[in-house]
There are 2 protein chains.
Amino acid sequence: MPDLSDVAAVAGVSKATASRALNGSGLVAPETAVRVVAAAARLGYVPNRAARELARGRTGIIAIVVPTLDNTFFTPIIAGAQARAEEAGLQLTVAVHALDSADAVERLSRQVDGFLVVAPRGTDTLVAGVGATKPAVLVDREIDGMTSVVADTATAFGALTTRLAAEGHPRIVYVGGPEGSWQDRQRTAAVRDAAQRAGAELTVLGPRPATFVAGVEVTPSVLETGATAVVPYATSIGLGLLLALGTRGVEVPRDLVVSTEPTVIEALGLEHTPAIDVDGEELGRTAMDLLARQLDGQDEPGRQVRLPVPVRG
Amino acid sequence: MPDLSDVAAVAGVSKATASRALNGSGLVAPETAVRVVAAAARLGYVPNRAARELARGRTGIIAIVVPTLDNTFFTPIIAGAQARAEEAGLQLTVAVHALDSADAVERLSRQVDGFLVVAPRGTDTLVAGVGATKPAVLVDREIDGMTSVVADTATAFGALTTRLAAEGHPRIVYVGGPEGSWQDRQRTAAVRDAAQRAGAELTVLGPRPATFVAGVEVTPSVLETGATAVVPYATSIGLGLLLALGTRGVEVPRDLVVSTEPTVIEALGLEHTPAIDVDGEELGRTAMDLLARQLDGQDEPGRQVRLPVPVRG
DNA sequence: GGGTCCGATGGAACCGGTTCCATCAACGAA
DNA sequence: TTCGTTGATGGAACCGGTTCCATCGGACCC
């Protein structure tokens with residue numbers, strides 16, 4: 001297995017120059033750099049991570065903290081972050097942690113350069129604690145002073161509600177998300193506001209966990225309200241609703257419009273059913289970008305990015 | 001931040017002795033060891049991972065290769081592996097890769113101590129290639145000579161079919177999984193065999209991707225067969241089926257029994273619907289255990305573990 | 001009592017990079 | 001022509017552990 005001295009020898013330069021050439025420090029003569037890169041490629045040289053870490057005092061590892069992997073909302077975020085990490089020469093490790101206590105993260109903190117934090121719940125204090133020791137980017141939640149990227153679903157939920165009301169739904173139900181969820185607070189407020197403006201009657205049910213089973217369980221309550229449209233906090237809840245409605249003989253969307261996400265709507269061929277379209281991968285990519293810039297010193301902490309969320313269908 | 005020399009100085013010994021004492025090599029006088037450990041504790045010493053890696057020639061990182069994160073079958077495996085990795089003092093990184101080519105894995109190979117490979121598809125040659133350079137454990141698939149752990153779903157699918165036939169379903173449909181899937185081949189064979197023994201008529205549809213949309217799309221073909229029970233390859237396909245059946249007014253399970261997984265069956269309150277119960281986390285835990293033992297030299301490569309899969313409901 | 005063996009310990013090399021500092025050649029300016 | 005400056009490069013220290021090898025003192029044996 002070739003190491004840096006081998007590359008240097010083949011290229012006819014010293015280890016120091018080889019190192020500089022491969023890291024693009026710009027202090028090397030262009031032709032020398034080319035020779036070194038060619039030598040590295042020919043030998044199939046891959047730098048030893050541990051040695052680099054030791055010398056640089058950086059690990060090159062980023063941890064993404066997610067509350068669970070069982071929710072399809074989080075996994076695209078991970079995939080997006082992973083793709084970007086690879087491009088930036090960083091490794092991503094996934095830490096499943098609900099952030100209801102601080103210790104597990106503290107241990108991790110010594111082993112990584114930074115954090116991507118997906119924490120829909122948990123108190124501001126606990127979540128902000130993660131960013132205290134190492135650079136961190138908050139995903140789909142905002143806390144003052146912390147860098148974050150969120151999908152602007154609040155605006156989208158508002159628009160969705162306006163649209164449903166305009167399409168002739170005088171009674172609408174919003175099925176809320178998990179207790180203490182930051183996004184749920186935003187969405188509830190937006191939906192309430194939109195319904196009021198449009199003169200529609202709104203019932204808010206919840207809080208509910210963002211699971212399939214919760215959607216099934218909430219179905220009777222939804223039907224009781226006599227509403228003709230329901231807007232669930234999460235796709236998983238919407239799927240549960242759709243399934244339970246099917247077994248009860250309620251026809252969708254004739255008797256009740258259920259707004260989930262475009263892929264579901266399209267697959268089932270549902271008419272008159274608007275839905276919001278969150279790009280989770282983009283969320284992950286953006287978060288990793290922000291963190292990488294922060295690690296390079298190109299960005300100061302505190303930047304807050306909002307990605308627009310379209311309403312489709 | 002204290003380092004090993006600090007600990008050694010406080011304990012009044014050399015770095016060499018301090019290192020031995022902290023790693024429990026047994027070559028140190030008991031009282032000396034106690035003194036060193038106490039010094040380390042007092043200083044709050046945490047060993048530098050990079051330095052240890054460099055000296056030992058091991059990275060302490062394991063990569064789990066999965067084809068996608070969008071499938072709820074894989075995520076519990078990751079969670080289980082992650083939990084076990086943490087216990088063993090290893091870091092887990094998730095690599096999303098379909099294993100349809102070799103290069104991406106080759107690059108990773110230098111950065112990790114071993115692989116957990118979840119590759120339902122991909123040729124034996126490509127998959128085995130991952131294990132060529134570093135220790136690897138195959139998850140939910142078997143290849144001669146490679147260590148592996150699989151959920152014995154073939155047996156479970158067979159039992160399920162036998163049971164459905166015994167409960168009065170003369171016509172059964174099996175909706176197959178992705179093209180080239182190892183598990184799909186096992187299951188198809190088991191289902192065929194069981195149906196034949198029981199004298200039931202079996203239709204095999206597929207191959208189909210293991211997605212929700214595929215389940216929706218296959219629904220008309222399922223209904224055409226006139227079967228009274230359907231066994232889908234994956235839960236996601238089953239959910240698609242259930243949804244599509246609901247919108248078509250087919251009553252489940254009266255008109256058609258759809259076998260998915262126990263949580264779904266239970267949530268919807270479906271009667272007479274047996275389902276298999278795969279413990280994905282256990283799969284991940286076991287795989288990580290096998291790999292850890294292999295890295296420690298306690299196990300030879302090639303061990304094949306099969307986890308039993310119960311049929312419930 | 002002298003020699004041998006063994007357990008405990010210390011010194012120093014080593015893992016494979018990065019980076020500070022010194023060197024050197026070439027070039028422009030005086 | 002000579003000196004100062006700049007850009008490219010090499011030598012060597014260093015990051016923080018692990019581990020080989022040598023040393024040393026004490027116990028045991030003949």
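Chain identifiers are assigned alphabetically (A, B, ...) following the order of the sequence lines, protein sequences preceding nucleic acid strands; residue numbering begins at 1 within each chain.
For B:R84, the salt bridge (Lys or Arg N to Asp or Glu O under 4.0 Å) criterion is met by B:D289, not counting sequence neighbours. Here A:D144 pairs with nothing under the salt bridge (Lys or Arg N to Asp or Glu O under 4.0 Å) rule; sequence neighbours left out. For A:R56, there are no salt bridge (Lys or Arg N to Asp or Glu O under 4.0 Å) partners two or more places apart in sequence or in a different chain. Qualifying salt bridge (Lys or Arg N to Asp or Glu O under 4.0 Å) partners for A:R303, counting only residues two or more places apart in sequence or in other chains: A:D299.
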Please enumerate all protein N or O atoms sitting under 3.5 Å from an N or O of nucleotides 23-28 of chain C, with distances to 0.1 Å.
none

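Residues B:D279 and B:R285 form a side-chain contact, since some pair of their non-hydrogen atoms from C-beta on lies under 4.5 Å apart. Using a 4.5 Å cut-off on side-chain heavy atoms (C-beta onward), A:V137 and A:Q294 make contact. Contact annotation: the side chain of A:Q91 never approaches that of A:E86 to less than 4.5 Å [non-hydrogen atoms, C-beta and beyond].
Remark: side-chain polar atoms of A:N48 are paired, donor with acceptor, to backbone N or O of A:A50 under 3.5 angstrom. Not a single donor-acceptor pair under 3.5 Å links the side chain of B:E281 to the backbone N or O of B:A79.
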Verify side chain to side chain donor-acceptor pair (under 3.5 Å) between A:S236 and A:T211, making sure each step is shown before the conclusion. CA-CA 5 Å; A:S236 49; A:T211 63; over 6 Å; no
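Comparing B:A55 and A:R52 by the nucleotide of DNA chain C that holds the closest heavy atom to each, the one mapping nearer the 5' end is B:A55.
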Side chains of residues 26-41 of chain A: which donor-acceptor pairs under 3.5 Å do they make with residues two or more places apart or in other chains?
unit_1, atom_1, unit_2, atom_2, d
A:R35, NE, A:A11, O, 3.0
A:R35, NH2, A:A11, O, 3.2

Donor-acceptor contacts under 3.5 Å from residues 114-130 of chain A side chains, at least two apart:
unit_1, atom_1, unit_2, atom_2, d
A:R121, NE, A:E179, O, 3.0
A:T123, OG1, A:L126, N, 3.2
A:D124, OD1, A:R141, NH2, 2.7

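Note on the helix from C:dG1-D:dC30 to C:dA30-D:dT1: terminal axis deviation equals 50°, with five pairs used at each end and the result rounded to 10°.
A:T32 comes within contact range of the sugar-phosphate backbone alone, with a heavy-atom separation under 4.0 Å but no base atom that close.
Inspection of the B:T153 and B:Q186 side chains reveals no N or O donor paired with an N or O acceptor under 3.5 Å.
Of the residues in residues 36-45 of chain B, those lying under 4.0 Å from DNA chain D by heavy-atom distance are B:Y45. Taking every heavy atom of residues 15-23 of chain B and every atom of DNA chain D, pairs under 4.0 Å involve B:K15, B:A16, B:S19, B:R20, B:N23, by number.
The stretch residues 58-81 of chain B participates, sequence neighbours left out, in these side chain to side chain donor-acceptor pair (under 3.5 Å) pairs: B:T59-B:D113.
Boundaries of the chain B contact region on DNA chain D are D:dG16 to D:dC20, first to last in 5' to 3' order (nucleotide atom under 4.0 Å from a heavy atom).
The 12-atom threshold is exceeded at CZ of B:R185, counting heavy atoms of other residues, nucleotides or ligands nearer than 6.0 Å.
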